[in-house]
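Whatever order the structure lists them in is the order used to number ligands and atoms, beginning at 1.
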Amino acid sequence: MLDVSLGTRSYTIQFGSGNLSRIGSICKKLNLSGSSAVITNATIGALYGKSIIDSLAAVDISAECLIIPDGEQFKNSSTLNSIYDVLIERGLDRKSFLIALGGGVVGDITGFAAATYLRGIEFIQVPTSLLAQVDSSVGGKTGINHLKGKNLIGAFHQPRSVLVDISTLDTLPEREYLSGLAEVIKYGVVCDRDFFHFISERVDRLLDREQNTLLEVVSRSCAIKAGVVANDEREDGYRAVLNYGHTFAHAVERLTEYKRFLHGEAVAIGMVQACKLSEYKGYADSSDTKRLIDLLQQFGLPVDLPSFTVEAYLQAIRKDKKVNAGGINFVFNSGIGGSVIEAVADWDFLLSTIRAEVGK
Ligand SMILES: NC(=O)c1ccc[n+]([C@@H]2O[C@H](COP(=O)([O-])OP(=O)(O)OC[C@H]3O[C@@H](n4cnc5c(N)ncnc54)[C@H](O)[C@@H]3O)[C@@H](O)[C@H]2O)c1
Ligand SMILES: [Zn+2]
């Protein structure tokens, strides 16, 4: 169990294996007694929906699954409207609450529905992808995509509780699983040297999705993220550390039109670039970059920049919503386990690793 300390909106994250049936008692303890809608997709709903509904029924909470289509392209306003339609049809009121059962797509859109329906109702996160368990379900960012860009519409809305069941990762497709590990490695690189070692020493166990190792890795990742968020809920300062590797990751995703790489794969590529720039700055040395690349490759994650011109990278980076007039607040790693956040206005410097790799 982990506490996320955010004053009156603090909540707990519970970790376990095979613990979905605890959802009913968690809701009871939180005095959530109204009716509920469990928002999920067809795949995840078929696997885990019944455990959730049965557990709620056992404490007299009436709930039904609300199935949304599977995929990032459906994290949009028309899916959101279809959710509102069902909530209104089913008569959910201000005492009702939502449960997000799924990956980051389900979590983000459910959180945003909860933030806005009747000016805000409660919701609980039951993340089922590794990325959702270690990243998107913690921190209270909710939202949907707009045609003009990802996550442009959203709100901060903290869940009342998060229930993590490690055993749901058994059914997660391999590529999704490995991609989630990139964000886990990120926490080690910029926040916790021991954690980086811990992961490096347990590669085989992680590849086998060994439950005890996963339990430790997921709970430590959440503790790191929760610690950062508790310090800086609305990303005014230190929370930016979580964007490590993401400047280049977003550029790579944009240039490959979100088709070639999963998000975590792009983050793996972006972290290598960020580490090389940290080396140029003297914050890290070449052995740090080598260790990072080795670890990512052991998990089959990509580390090389796809071949686009330097000019194309420049334009893609400039489109990032985190870029402001003066330049970028760039996150460097300080060795392994620390970070330096610095405003960088020198585009030649930012593009130097790209120039060295793609050469044009
Ligand atoms: N709110 C935040 O702070 C935050 C942080 C990072 C990412 N995100 C968002 O998260 C989203 C990505 O999340 P994601 O990587 O979980 O993608 P996702 O939700 O699309 O899930 C990936 C795939 O795995 C499937 N899946 C999930 N759990 C499964 C399970 N246990 N068994 C079988 N299949 C399963 C899903 O159906 C989907 O096909 C993006 O929209 C991103 O913007 C939000
Ligand atoms: Zn990310």
Side-chain angles (χ1 to χ4, degrees), residues 20 39-49 51 67-76 79 100-112 115 123 125-146 149-159 162 164-187 190 209 214 221-222 225-226 228-229 233-235 239-250 252-253 258 261-271 274 320-322 331:
L20 288 182
I39 301 181
T40 187
N41 66 36
T43 313
I44 301 163
L47 288 164
Y48 307 111
S51 306
I67 303 290
I68 62 170
D70 189 353
E72 180 74 30
Q73 70 273 33
F74 300 109
K75 199 178 101 174
N76 59 23
T79 307
L101 173 67
V105 166
V106 166
D108 277 12
I109 199 165
T110 303
F112 190 57
F123 85 114
Q125 291 268 21
V126 185
T128 61
S129 70
L130 182 56
L131 181 125
Q133 293 185 351
V134 300
D135 189 355
S136 61
S137 68
V138 187
K141 282 190 185 176
T142 72
I144 55 170
N145 301 325
H146 185 273
K150 285 189 62 172
N151 298 322
L152 288 181
I153 318 290
F156 283 95
H157 190 56
Q158 300 291 346
V162 182
V164 176
D165 179 352
I166 297 299
S167 74
T168 60
L169 298 178
D170 285 347
T171 55
L172 187 67
E174 180 77 352
R175 212 177 143 199
E176 296 288 348
Y177 174 71
L178 297 173
S179 168
L181 281 173
E183 300 278 4
V184 168
I185 292 169
K186 175 191 78 179
Y187 294 131
V190 278
R209 306 192 200 186
L214 267 177
S221 297
C222 286
K225 178 153 185 190
V228 172
V229 171
E233 189 185 350
R234 293 193 174 239
E235 197 167 329
R239 186 167 177 165
V241 74
L242 302 172
N243 298 331
Y244 177 71
H246 280 60
T247 301
F248 290 105
H250 291 155
V252 165
E253 287 180 298
Y258 301 91
F261 298 104
L262 294 178
H263 175 66
E265 294 168 344
V267 170
I269 294 170
M271 288 195 291
D320 203 88
K321 69 174 188 261
K322 306 243 156 56
V331 186

Taking a 3.5 Å cut-off between nitrogen or oxygen atoms, can you list every pair linking ligand 1 to the protein, with distances?
{"from": "ligand 1", "atom 1": "1 (N)", "to": "Asp108", "atom 2": "OD1", "distance (Å)": "3.0"}
{"from": "ligand 1", "atom 1": "1 (N)", "to": "Lys141", "atom 2": "O", "distance (Å)": "2.9"}
{"from": "ligand 1", "atom 1": "13 (O)", "to": "Gly104", "atom 2": "N", "distance (Å)": "3.2"}
{"from": "ligand 1", "atom 1": "16 (O)", "to": "Gly104", "atom 2": "N", "distance (Å)": "2.8"}
{"from": "ligand 1", "atom 1": "16 (O)", "to": "Ser129", "atom 2": "OG", "distance (Å)": "2.5"}
{"from": "ligand 1", "atom 1": "19 (O)", "to": "Gly104", "atom 2": "N", "distance (Å)": "3.1"}
{"from": "ligand 1", "atom 1": "19 (O)", "to": "Val105", "atom 2": "N", "distance (Å)": "3.0"}
{"from": "ligand 1", "atom 1": "28 (N)", "to": "Thr128", "atom 2": "O", "distance (Å)": "3.3"}
{"from": "ligand 1", "atom 1": "28 (N)", "to": "Thr128", "atom 2": "OG1", "distance (Å)": "2.9"}
{"from": "ligand 1", "atom 1": "31 (N)", "to": "Thr128", "atom 2": "O", "distance (Å)": "3.0"}
{"from": "ligand 1", "atom 1": "31 (N)", "to": "Thr168", "atom 2": "O", "distance (Å)": "2.8"}
{"from": "ligand 1", "atom 1": "31 (N)", "to": "Thr171", "atom 2": "OG1", "distance (Å)": "3.4"}
{"from": "ligand 1", "atom 1": "32 (N)", "to": "Thr171", "atom 2": "O", "distance (Å)": "3.3"}
{"from": "ligand 1", "atom 1": "32 (N)", "to": "Thr171", "atom 2": "OG1", "distance (Å)": "2.7"}
{"from": "ligand 1", "atom 1": "37 (O)", "to": "Asn41", "atom 2": "ND2", "distance (Å)": "2.9"}
{"from": "ligand 1", "atom 1": "37 (O)", "to": "Asp70", "atom 2": "OD1", "distance (Å)": "3.2"}
{"from": "ligand 1", "atom 1": "37 (O)", "to": "Asp70", "atom 2": "OD2", "distance (Å)": "2.9"}
{"from": "ligand 1", "atom 1": "39 (O)", "to": "Asp70", "atom 2": "OD1", "distance (Å)": "3.0"}
{"from": "ligand 1", "atom 1": "39 (O)", "to": "Asp70", "atom 2": "OD2", "distance (Å)": "3.1"}
{"from": "ligand 1", "atom 1": "41 (O)", "to": "Glu72", "atom 2": "OE1", "distance (Å)": "2.6"}
{"from": "ligand 1", "atom 1": "41 (O)", "to": "Glu72", "atom 2": "OE2", "distance (Å)": "3.2"}
{"from": "ligand 1", "atom 1": "41 (O)", "to": "Lys75", "atom 2": "NZ", "distance (Å)": "2.9"}
{"from": "ligand 1", "atom 1": "43 (O)", "to": "Lys75", "atom 2": "NZ", "distance (Å)": "3.1"}
{"from": "ligand 1", "atom 1": "43 (O)", "to": "Asn151", "atom 2": "ND2", "distance (Å)": "3.3"}

Gln133 (side chain) donor-acceptor with Pro127 (main chain) under 3.5 angstrom: yes

Side chain proximity check, Asn145 to Asn151, heavy atoms < 4.5 angstrom: yes

Separation of Thr168 OG1 from Ile44 CD1 (nearest 0.5 Å): 8.5 Å

Which residues share a salt bridge (charged side-chain N to carboxylate O under 4.0 Å, His left out) with Glu183, sequence neighbours left out: Lys186

Heteroatom count (protein N, O or S) under 2.8 Å of the Zn ion (ligand 2): 3

Exam field: side chain Asp108 to backbone Gly111, donor-acceptor pair closer than 3.5 Å: no

Check ion pair Arg209-Asp170 (N to O, under 4.0 angstrom): no

Least distance between heavy atoms, Ser129 atom then Leu169 atom: C-CD2, 3.7 Å

Closest heavy-atom pair and its distance - Thr79, Pro69: CG2-CD, 4.2 Å

Residue list, side-chain hydrogen bond (donor to acceptor under 3.5 Å, both in side chains) with Tyr48, at least two apart or on another chain: Thr171

